[in-house]
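Letters A, B, ... mirror the listed sequences (proteins, then strands); counts begin at 1.
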Protein chains: 2
Amino acid sequence: MAGGRPRGFDVDEALDRAVEVFWRQGYEGTGISDLTRAMGINPPSLYGTFGNKEELFRKVLDRYTDGPARYIREAFEQPTARAVVERLLHGAVDGTTRPDCPPGCLTVQGGLASAPAAEGARDEMATRRRMGETFLRARLEQARIEGELPDDVDPEGLARYFATVHQGIAVQAAGGASREQLHQTVDLAMRVWPSRADA
Amino acid sequence: MAGGRPRGFDVDEALDRAVEVFWRQGYEGTGISDLTRAMGINPPSLYGTFGNKEELFRKVLDRYTDGPARYIREAFEQPTARAVVERLLHGAVDGTTRPDCPPGCLTVQGGLASAPAAEGARDEMATRRRMGETFLRARLEQARIEGELPDDVDPEGLARYFATVHQGIAVQAAGGASREQLHQTVDLAMRVWPSRADA
DNA sequence: GGCGTATTGTAGTGAGCGTTATAGATTCTG
DNA sequence: CAGAATCTATAACGCTCACTACAATACGCC
């Protein structure tokens with residue numbers, strides 16, 4: 001086993017550049033030349049290191065989950081279910097309106113419709129969106145068991161509502177809505193949270 | 001002025017086919033060959049009749065507004081602002097989950113991120129999304145003046161909230177959510193509607 | 001130093017993109 | 001029927017797409 005010529009670029013740094021390009025232009029709107037230019041490498045380096053466009057995109061999604069979309073995992077560390085949801089939605093607002101990043105959410109931008117050739121990437125994005133909703137639903141079920149939520153609340157329906165708001169925020173941000181405006185929207189959305197008086 | 005050879009296809013019928021293709025595959029995911037195949041015509045007929053891809057897409061958006069998205073205009077015919085919003089959101093659920101059409105909303109699918117070349121189409125979709133929100137805001141302002149809404153309500157913020165839910169529904173539908181599930185989501189979202197007791 | 005190995009830049013692959021030149025077909029006018 | 005006008009199909013345009021052969025380069029190991 002020998003050494004071989006060392007890689008001339010930092011993999012994570014290159015991934016960060018790729019995240020931004022896919023984020024701004026979507027999967028289908030991004031060409032390999034856009035990526036190589038932003039990453040500062042040539043096509044053979046890209047293919048040698050990341051496989052192909054779709055595999056690179058999956059690695060970009062992972063990097064996105066651990067980076068700009070870290071707020072999702074962090075939200076679930078909150079002590080109460082209500083705090084989890086508040087943190088999730090307000091975090092989404094901050095994450096989709098960062099001045100140094102494209103507006104919107106990587107897993108939504110261009111992940112709704114696509115040519116058959118991009119089906120793999122589209123399905124991957126849909127799966128990741130569903131995962132967040134599933135986690136939230138489990139957290140709400142736990143909250144009902146623990147008494148934080150009334151018994152007559154439907155955790156699945158409530159989780160879907162908040163997921164809908166979450167994704168709506170991404171569309172709003174992509175359309176140019178401001179951070180302040182969307183934080184206000186989240187405050188409104190939180191009014192749906194069931195109070196014990198409701199039941 | 002002479003007659004010339006008559007057109008061998010129905011323009012509106014061809015537009016309907018184009019609507020469905022763009023709806024399913026997005027603007028960038030749709031090739032001219034996809035369109036000509038679905039419309040049953042050849043490229044010169046497409047270009048002679050509709051201009052080019054972007055002009056065709058604008059005509060497709062118009063046709064979509066008068067067809068599958070008719071519910072938006074119709075919602076504003078309701079007598080009260082609350083009924084307008086209810087009709088708007090429940091109409092959106094039905095429109096984005098039609099069994100005979102692609103799931104989701106044409107003005108959202110692929111309208112969030114794109115290559116610079118598709119900027120025109122993207123801007124057009126963003127503008128149309130904003131229009132609905134602006135109309136709704138005006139209707140809510142009117143409702144406050146007429147006393148249907150309390151004075152301390154912010155029509156702009158409330159309109160943005162419902163627009164967020166509206167667009168979130170489109171993402172949910174594109175991801176496979178069912179009609180029943182989303183109608184339930186709308187019922188939850190409507191709980192934000194301000195009651196006079198709130199103020 | 002020489003060998004094996006991994007990464008590099010250059011250049012190019014076939015396929016598909018949006019678009020159009022060209023010529024034949026079909027209509028109305030005179 | 002002659003001629004102008006319009007739409008048609010075939011075929012191709014230049015360009016970009018995702019992807020890769022190839023040969024040169026830079027390392028660890030013996």
How many whole angstroms separate atom [atom1] of [X] from atom [atom2] of [N]?
X     : N      : atom1 : atom2 : value
A:I32 : D:dC19 : CD1   : C1'   : 8 Å
A:R37 : D:dT16 : CZ    : P     : 11 Å
A:F9  : C:dA6  : CZ    : C1'   : 12 Å
A:L46 : C:dG9  : CG    : C1'   : 14 Å
B:D34 : C:dC17 : CG    : P     : 7 Å
B:F50 : C:dG18 : CZ    : C1'   : 16 Å
A:L35 : D:dC19 : CG    : P     : 11 Å
A:R7  : C:dT7  : CZ    : C1'   : 8 Å

Looking at [Y] and [X], is any side-chain nitrogen of the basic one under 4.0 Å from a carboxylate oxygen of the acidic one?
X      : Y      : answer
A:R82  : A:E148 : no
A:E133 : A:R137 : no
B:R179 : B:D94  : yes

Go ahead and write out DNA chain D as dot-bracket, 5' to 3': ( ) for pairs within the strand, [ ] for ones crossing earlier pairs, | when the partner sits on another strand, dots for unpaired; Watson-Crick or G-U wobble, both distances under 3.5 Å.
||||||||||||||||||||||||||||||
B:Y27 six-ring face occupied by B:K53 cation (under 6.0 Å, within 45°):
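Here B:K53 passes the 6.0 Å and 45° test against B:Y27.
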With heavy atoms under 4.0 Å as the rule, sort [X] into base, sugar-phosphate or nothing.
X     : value
A:T30 : sugar-phosphate
B:S33 : sugar-phosphate
A:G8  : sugar-phosphate
B:G31 : sugar-phosphate

Tell me whether B:L182 is reachable from A:Y161 by hopping between hydrophobic residues (I, L, V, M, F, W, Y) whose side-chain heavy atoms are closer than 4.5 Å.
yes
hydrophobic_cluster_shared for A:V153 and B:V186, side chain cutoff 4.5 Å:
yes
B:T107 vs B:R128, test: side-chain hydrogen bond (donor to acceptor under 3.5 Å, both in side chains). Steps then yes/no.
CA-CA 7 Å; B:T107 62; B:R128 303 210 179 209; over 6 Å; no
Hey, which sits more toward the 5' end of DNA chain C by its nearest nucleotide, B:K53 or B:G4?
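Checking each residue's closest nucleotide, the 5'-ward one belongs to B:K53.
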For the residue pair B:F50 and B:F9, does the interplanar ring angle fall in the parallel (under 30°), tilted (30 to 60°) or perpendicular (over 60°) class?
tilted
Quick one: sort the B:W193 and B:F162 rings into parallel, tilted or perpendicular, breaks at 30° and 60°.
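Answer is tilted, since the angle falls between 30° and 60°.
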Under 4.0 Å between a side-chain N/O of B:Y47 and OP1 or OP2 of C:dT20, yes or no?
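Result: no.
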First encountered from the 5' end of DNA chain D, between A:P6 and A:E54
A:E54
Roughly how far, to the nearest 0.5 Å, is the OG1 atom of A:T80 from the CD atom of A:E86?
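Reported value, rounded in 0.5 Å steps: 7.5 Å.
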Protein and nucleotides 10-12 of chain C: nitrogen or oxygen contacts under 3.5 angstrom:
none

Does any N or O donor sit under 3.5 Å from an N or O acceptor when you compare the side chain of B:R5 with the base of D:dT8?
no
I want to verify a distance call: between C:dT8, D:dA18, D:dA9, whose nearest atom is closest to the B:S45 side chain?
D:dA9
